[in-house]
Protein chains: 2
Amino acid sequence: MSNAKALPLLERQPAPESAVPCCPPLTERPLTAEEAERTAGMFKALGDPVRLRLFSLVASHEGGEACVCDISDVGVSQPTVSHHLKKLREAGLLTSERRGTWVYYRVEPSVVAAMGQMLKIAG
Amino acid sequence: MSNAKALPLLERQPAPESAVPCCPPLTERPLTAEEAERTAGMFKALGDPVRLRLFSLVASHEGGEACVCDISDVGVSQPTVSHHLKKLREAGLLTSERRGTWVYYRVEPSVVAAMGQMLKIAG
DNA sequence: CACCTGTATCGACAAGCGTCAACATAGACA
DNA sequence: TGTCTATGTTGACGCTTGTCGATACAGGTG
């Protein structure tokens, strides 16, 4: 990139690349290949019924967080629950924290908001 | 773009039976297994980078619709494009209509709105 | 220390998915 | 009719994913 001038310093770059309000509404302009690559992972994470249930269990739990023990009754084995929670974490949709014996998961609001933003329908 | 002559003013077919204001926001209450099963398919459809690009190409195209020929330059072969468009159709996100030589795709707004609704963050 | 419970990881398997080349189908036009 | 273009379908291939049992790790309790 050829940056030959004193920069206006106005470009605000959202610092962490992990928790990213990525893209404009899908109706605004076509996504680039790179944007699509980054963003598809979020939708993919919710593209499994078990993960979608786990996510809604965390999202709707009182206090905004849920212990694994609160949400692990979704009809699959414990290792499978753990596997799906890891996927949701890797996609940036959930964060986890161990407190004593239990591990608590909570929703990452900015990422979910970014997804919702992309689905906004142009009036 | 080429304007087909003497277009038989497109009659809008009624939405498919799956057109769905499915579920409340994911923060409101946990999804049932059945709801999750139905809904995950929509997110899954957008969980592939090529499909996400195709969808945004249709969604952002002028007139709200796009011919396959307008959007097929996404770096995969023509059969693959057709395959992905079929997936998006089956998920209820796109509808298609043949007009003469070309096939036009457009977004199904109610389904996209339902997805956005689910991602609404509780204040 | 030993033991128990909650959660994550490993290894393996079947099923699903993305991709392509080849072929098929639909419409326009000569 | 036949040929050309635009899309869809088929069949096959390899990679990914969801699932489980077995096992490992972490923290509490006795």
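What you see is a predicted model; the values in this text were computed from it and never measured. We name chains A, B, ... by the order of the sequence lines, and we start the count at 1 in each one.
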Report summary line: Whole-Å distance, Arg53(A) CZ to dG18(D) C1', equals 16 Å
Query - salt bridge (charged side-chain N to carboxylate O under 4.0 Å, His left out) against Arg29(A), all qualifying residues, sequence neighbours excluded - result: Glu35(A)
Report summary line: Between Val76(A) and Gly100(A), whichever has its closest DNA chain D nucleotide further toward 5' is Val76(A)
Query - Interatomic distance where CG belongs to Leu88(A) and P belongs to dA8(C) [whole Å] - result: 12 Å
Requested in this report: Can you check each nucleotide of nucleotides 7-17 of chain D against protein heavy atoms at under 4.0 Å and return B for base, S for sugar-phosphate only, - for none, in 5' to 3' order?
Outcome: BBB-------S
Report summary line: Sequence neighbours excluded, the answer for side-chain contact (heavy atoms from CB on, under 4.5 Å) partners of Glu28(B) is Pro24(B), Pro25(B)
Query raised in the report: Is the distance from OP1 or OP2 of dC17(C) to the nearest side-chain N or O of His84(B) less than 4.0 Å?
Result: no
Report summary line: Residue pairs passing the side-chain hydrogen bond (donor to acceptor under 3.5 Å, both in side chains) test with at least one member in residues 39-56 of chain B, sequence neighbours excluded, are Arg51(B)-His84(B)
Query raised in the report: Considering residues at least two apart in sequence or located in another chain, which fulfil the side-chain contact (heavy atoms from CB on, under 4.5 Å) criterion with Ser77(B)?
Result: Pro79(B), Thr80(B)
Query - Minimum-distance pair of heavy atoms, taken over all atoms of Leu93(A) and Val111(A) - result: CD2-CG1, 3.6 Å
Query raised in the report: What salt bridge (charged side-chain N to carboxylate O under 4.0 Å, His left out) pairs are there with at least one residue in residues 55-83 of chain A, not counting sequence neighbours?
Result: Glu65(A)-Arg99(A), Glu65(A)-Arg106(A)
